[in-house]
Amino acid sequence: MKRVLLVDDDDDLREALSDLLAVGGYDVVSVPGGGEALAWLGRNPRPDLILLDLMMPGMTGAELKARLDRDPCLGGVPVVVLSGDTRVAEQALAIGAADWIAKPSSMVALLETVARHV
Amino acid sequence: VDLVEPDGSVRRVAVAPEQIVSSVPCLPEPTTRVGEQDGCAVLGVPLAVAGRTLGALRLTRPRSSGFDTADLALAEDVAGRAALAIEIARAYRKTEEAIRARDECLSVASHELRTPLATLQATTEALLAGAHGGVPSASPLAAPLHSIARQVARLSRLANQILDTIALETTGIDLARTDVDLASVAADVVARVNSIPRPPGEVMLAAPCAVRGLWDRARLEQVVETLVSNALRFGGGKPIAIRVGRREDRALLTVEDHGLGIPSERLGSLFARFERAGAARSIGGLGLGLHLGRAIVGLHGGTMRVESVVGRGTTFFVELPLSPARP
């Protein structure tokens with residue numbers, strides 16, 4: 001089973017997206033921020049994909065992506081950006097993400113995008 | 001030449017070759033006045049428009065030259081035009097500020113709606129898809145959940161349309177071009193439409209082969225979704241045909257319904273903002289879908305047009321260049 005690490009500071013959205021990904025057949029681990037994501041990544045095998053919110057308090061999505069890029073073990077993990085900003089595509093390209101999902105998106109769009117990169 | 005503001009402050013707008021202009025402030029002149037000041041001849045003309053004095057125009061010359069009646073007439077003419085220009089500029093600035101405030105308010109409101117909408121949509125879809133034991137289709141909860149899912153999707157669409165419309169007029173919409181198959185875009189939209197319980201109206205896709213180009217997939221899905229959704233709303237429950245093909249270096253997509261049709265006098269404004277094909281209040285929506293659709297096709301260098309016959313139906317034609325034009 002492919003494992004997805006979901007990083008989003010909104011508790012309700014994190015839970016709902018975890019449910020959707022679980023229904024889609026993924027093993028989901030969710031954390032509320034960049035620091036927690038790094039801590040989890042340091043203790044566990046690398047996930048198949050990271051679903052990353054951009055606007056988070058503390059460490060932003062862009063900062064977390066930059067930290068991952070500097071890590072030789074984690075730099076290759078595909079990161080899909082999750083954002084409510086109109087310019088989500090531009091932001092995703094700017095930080096070198098593999099893809100992006102606009103908030104809100106349908107379950108079909110979410111699972112299609114994730115499936116393209118795992 | 002000094003422009004005298006209503007508060008008495010003076011703004012110098014032109015200086016004669018010889019430094020002859022005094023900077024002593026004076027109050028706006030309610031009427032034209034000729035006089036002397038610091039050894040110079042001074043002509044004061046009110047800047048008045050619609051009965052209001054905005055300021056005064058003051059002209060200064062060496063006393064030896066003075067002002068004659070021709071100077072007076074010219075000064076009054078210039079002052080009248082200047083007053084009108086100032087009034088128009090102020091009105092324009094106020095309008096711009098109001099538009100900026102409106103766009104900012106709408107943008108913040110729409111943006112802040114997105115996370116709760118995303119949560120609602122994901123939660124509802126997860127429940128319908130089987131999360132937490134799922135909701136069987138026979139359950140009395142299934143219909144209300146589908147209803148919630150439809151309304152959340154509708155709210156999301158409206159919020160996105162408002163944000164896109166603001167972006168189109170302010171920052172612009174950036175395209176994320178990748179290698180895209182238009183036939184697969186249309187197929188995905190049709191599959192999505194057919195997966196949602198809805199009123200009758202068969203949606204048929206004829207896309208015999210892949211039509212690849214450098215396009216923004218998500219934006220093209222938005223265009224096709226708008227056209228198919230409109231066809232379903234106005235198609236009178238009759239079959240809807242989507243065709244994807246290619247002619248030389250252009251991709252072609254048509255969406256044809258056999259419904260109500262659009263009166264010819266409305267076709268010209270169909271792509272305008274807030275324009276709705278149906279009777280204004282009987283059909284929902286903001287009237288932004290076609291406006292945005294045509295703009296997105298235009299950003300790709302393509303065209304969108306419509307043909308319609310009342311009582312027989314409507315066909316939208318989209319043409320897209322396979323690759324962006326070279327700058």
Side-chain angles (χ1 to χ4, degrees), chain A residues 4 6 8-26 28 30 32 51-57 61 80-117, chain B residues 107-108 110-134 149-150 152-168 170-178 184 188-189 191-193 195-196 216-219 221-222 225:
Chain A
V4 173
L6 168 62
D8 195 309
D9 63 307
D10 190 291
D11 296 343
D12 290 337
L13 182 59
R14 212 167 54 245
E15 189 180 335
L17 290 176
S18 299
D19 286 347
L20 270 186
L21 289 163
V23 168
Y26 295 97
V28 190
S30 71
L51 202 52
L52 178 62
D53 182 24
L54 281 184
M55 286 177 66
M56 294 185 292
V80 173
V81 156
L82 195 63
S83 172
D85 197 288
T86 322
R87 304 197 146 217
V88 53
E90 194 184 329
Q91 293 168 333
L93 290 172
I95 65 167
D99 215 328
W100 62 90
I101 296 169
K103 287 183 192 174
S105 274
S106 69
M107 175 181 170
V108 175
L110 172 78
L111 294 180
E112 275 175 2
T113 308
V114 170
R116 273 202 295 273
H117 299 284
Chain B
S107 173
V108 169
S110 301
H111 192 269
E112 287 307 306
L113 277 173
R114 287 181 152 185
T115 297
L117 276 173
T119 308
L120 272 173
Q121 184 164 357
T123 306
T124 316
E125 289 191 326
L127 281 173
L128 285 168
H132 304 293
R150 279 195 301 273
V152 169
R154 186 173 161 194
L155 266 175
S156 306
R157 203 164 45 243
L158 295 177
N160 285 337
Q161 284 183 347
I162 292 171
L163 276 173
D164 280 348
T165 305
I166 295 168
L168 202 59
T170 52
T171 55
I173 291 178
D174 294 321
L175 297 181
R177 291 181 188 260
T178 54
S184 103
D188 283 354
V189 172
R192 217 170 297 153
V193 164
S195 72
I196 302 166
D216 183 324
R217 184 183 180 94
R219 289 296 179 186
E221 280 188 11
Q222 183 181 345
E225 256 174 21

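None of these values were measured; they are calculated from a predicted model. Each chain gets a letter, A, B and so on, in the order its sequence line appears, and its residues count up from 1. Worth knowing before you read on, the calculation uses all heavy atoms, side chains too, and leaves out hydrogens, waters and symmetry mates.
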Measuring from atom [atom1] of [X] to atom [atom2] of [Y], what distance do you get when rounded to the nearest 0.5 angstrom?
X       : Y       : atom1 : atom2 : answer
D174(B) : Q91(A)  : CG    : CD    : 10.5 Å
T119(B) : E15(A)  : OG1   : CD    : 10.0 Å
D12(A)  : T115(B) : CG    : OG1   : 11.0 Å

- Who pairs with N160(B) by side chain to side chain donor-acceptor pair (under 3.5 Å), at least two apart in sequence or on another chain?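 So N160(B) forms a side chain to side chain donor-acceptor pair (under 3.5 Å) with R114(B).
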
- Contacts of type side chain to side chain donor-acceptor pair (under 3.5 Å), residue D164(B), not counting sequence neighbours: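 If we apply the side chain to side chain donor-acceptor pair (under 3.5 Å) test to D164(B), skipping adjacent residues, the hits are R219(B), Q222(B).
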
- Query: What's the shortest heavy-atom distance between D19(A) and A126(B), and which atoms?
  - Reply: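 Distance-wise, the nearest heavy atoms are CB-CB, 3.7 Å.
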
- Contact summary for K103(A) and A118(B), nearest pair of heavy atoms: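 Between these two residues, the closest heavy atoms are CB-CB, 4.0 Å.
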
- Message: Can you tell me which of S105(A), S83(A), G24(A), A22(A) forms the most heavy-atom pairs within a distance under 4.5 Å of chain B?
- Response: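 If we count pairs closer than 4.5 Å to chain B, S105(A) comes out on top.
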
- Query: Among L20(A), L93(A), V108(A), L82(A), who wins on heavy-atom pairs under 4.5 Å with chain B?
  - Reply: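 If we count pairs closer than 4.5 Å to chain B, L20(A) comes out on top.
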
- Which portion of D188(B) sits near chain A, non-hydrogen atoms under 4.5 angstrom: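 Only the side chain of D188(B) comes within 4.5 Å of chain A.
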
- With a 4.5 angstrom heavy-atom cut-off, could you sort out which part of E125(B) is near chain A: side chain, backbone, both or neither?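 Its backbone and side chain both get close to chain A.
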
